[in-house]
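Have a look at the structure below before the remarks.
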Amino acid sequence: MKEEIKIIGTVQRITEYKNGKKEIFEFPNTILKKGREALAKSLANEIGDSYSFFINRMLFGDGGCVNGTTKYVDYQRNGLFGITRASKPVISQIDSDLPNKAIFTSVLAFDDANGYALNEMALQMANNDLYSMVTFPDLNKTSEMQITYNWNILFV
């Protein structure tokens with residue numbers, strides 16, 4: 001019997017406003033070719049002189065929508081569609097209840113990326129390749145909001 005491992009990615013966005021309002025939204029993402037290759041290379045110990053396949057940044061851009069329609073993320077993509085408006089470090093952890101789930105957290109603070117319609121994100125590895133990417137409807141970032149992103153990668 002052949003059993004395949006699947007990689008499932010979801011992003012949770014928690015928006016907190018200065019007035020106390022809080023919104024939570026979740027959406028799926030695409031695990032990219034370079035991310036899939038990094039996993040295979042890690043398992044086969046084909047890592048070269050140093051290990052650079054770990055996720056260390058979350059990128060936020062403005063090119064993921066055209067006239068209100070999100071762009072399709074093909075798994076072969078290795079860059080944002082638009083300009084990177086913020087690049088934030090991530091905090092990485094393994095879910096204690098699900099040891100096959102990694103969680104990458106990053107925060108866009110009240111003073112980050114203001115004035116931009118953010119509509120795409122990616123997880124970036126230390127070698128600068130993208131592991132995973134997502135597009136979503138415009139989020140007009142202002143100084144009235146702080147956004148916490150929890151990017152979940154689950155191996156099932």
Side-chain angles (χ1 to χ4, degrees), residues 1-15 24-109 112-113 116-141 146-156:
M1 180 172 154
K2 182 179 177 184
E3 184 175 325
E4 292 185 28
I5 294 177
K6 294 184 182 185
I7 306 169
I8 299 171
T10 59
V11 178
Q12 179 188 56
R13 179 176 71 205
I14 304 167
T15 306
I24 300 175
F25 185 71
E26 292 190 19
F27 42 92
N29 66 88
T30 301
I31 307 298
L32 302 173
K33 180 180 179 186
K34 291 292 183 180
R36 296 172 191 194
E37 289 173 0
L39 179 58
K41 287 179 180 181
S42 296
L43 293 173
N45 199 27
E46 291 185 15
I47 58 174
D49 294 335
S50 65
Y51 189 80
S52 61
F53 299 127
F54 61 94
I55 294 168
N56 67 349
R57 311 279 313 162
M58 199 175 289
L59 307 180
F60 302 86
D62 62 1
C65 276
V66 175
N67 298 323
T69 302
T70 56
K71 292 181 181 178
Y72 173 76
V73 179
D74 181 271
Y75 87 99
Q76 294 189 50
R77 187 155 193 83
N78 195 36
L80 295 178
F81 291 106
I83 296 171
T84 300
R85 297 299 181 179
S87 173
K88 303 292 286 186
V90 298
I91 297 170
S92 305
Q93 64 181 355
I94 302 297
D95 188 314
S96 59
D97 294 326
L98 284 171
N100 55 327
K101 178 181 177 183
I103 304 166
F104 304 94
T105 301
S106 193
V107 177
L108 280 179
D112 288 329
Y116 296 108
L118 302 177
N119 51 32
E120 61 180 334
M121 298 170 49
L123 289 179
Q124 184 180 52
M125 295 181 286
N127 67 1
N128 292 326
D129 284 332
L130 300 187
Y131 183 87
S132 186
M133 185 173 164
V134 65
T135 58
F136 48 89
D138 288 349
L139 171 69
N140 295 307
K141 177 67 173 72
Q146 174 173 285
I147 307 167
T148 302
Y149 289 94
N150 295 308
W151 199 308
N152 304 292
I153 305 293
L154 178 65
F155 301 92
V156 293

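Position 1 is the first residue of the sequence; numbering continues from there. Predicted, not measured: the structure shown is a model, and the values here were computed from it.
Arg13 pairs in a side-chain contact (heavy atoms from CB on, under 4.5 Å) with only one of the listed residues (Leu139, Leu108, Thr148, Ile24), which is Leu139.
Closest of all the heavy-atom pairs between Val11 and Met121 is CG1-CE, 4.1 Å. The nearest pair of heavy atoms linking Lys88 to Val107 is CE-O, 3.0 Å. Nearest heavy-atom pair, Gly64 versus Asn119, reported as atom, atom and distance to 0.1 Å: N-OD1, 2.5 Å. Across Gly9 and Asn29, no two heavy atoms sit closer than the pair C-ND2, 2.9 Å. Minimum interatomic distance between Thr30 and Val73 (heavy atoms only, all atoms of both residues): OG1-O, 3.7 Å. Residue Ala113 comes nearest to Leu118 through the heavy atom pair CB-CD1, 4.2 Å, listed as atom of the first residue, atom of the second, then distance.
Contact check for Asp129 versus Glu37: no side-chain heavy atoms found under the 4.5 Å cut-off. Looking only at side-chain heavy atoms (C-beta outward), Gln12 and Thr10 stay at 4.5 Å or farther from each other. Using a 4.5 Å heavy-atom cutoff, the side chains of Asn56 and Met125 are not in contact. For the pair Cys65/Lys71, no side-chain contact is recorded, criterion being any heavy-atom separation below 4.5 Å from C-beta on. Trp151 is listed as a side-chain neighbour of Ser132, based on a closest heavy-atom distance under 4.5 Å.
Here the CD-CG distance, from Glu120 to Leu59, works out to 9.0 Å after rounding to the nearest 0.5 Å. Note that the OG atom of Ser87 and the CG atom of Leu80 stand 9.5 Å from one another [nearest 0.5 Å]. Atom CG of residue Leu123 and atom OH of residue Tyr149 lie 12.5 Å apart, to the nearest 0.5 angstrom. Annotation: the span from Lys33 atom NZ to Arg77 atom CZ amounts to 14.0 Å, rounded to 0.5 Å.
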From CA spacing to verdict: side-chain contact (heavy atoms from CB on, under 4.5 Å), Phe104, Ile91: CA-CA 6 Å; Phe104 304 94; Ile91 297 170; over 6 Å; no

Trace of the ring pair (Phe, Tyr, Trp, His ring centres under 6.0 Å) decision for Phe60 with Tyr116: CA-CA 10 Å; Phe60 302 86; Tyr116 296 108; over 10 Å; no

Side-chain donor-acceptor pairs under 3.5 Å in residues 94-103, sequence neighbours left out?
{"from": "Asp95", "atom 1": "OD1", "to": "Asp97", "atom 2": "N", "distance (Å)": "2.7"}
{"from": "Asp95", "atom 1": "OD1", "to": "Leu98", "atom 2": "N", "distance (Å)": "3.2"}
{"from": "Asn100", "atom 1": "ND2", "to": "Phe155", "atom 2": "O", "distance (Å)": "2.5"}

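Applying the ring pair (Phe, Tyr, Trp, His ring centres under 6.0 Å) criterion to Tyr75, with sequence neighbours excluded, gives no partner residue.
In this structure, the side chain of Thr105 does not engage the main chain of Asn150 through any donor-acceptor pair within 3.5 Å.
Here the two rings, on Phe25 and Phe136, have centers that are 6.0 Å apart or farther.
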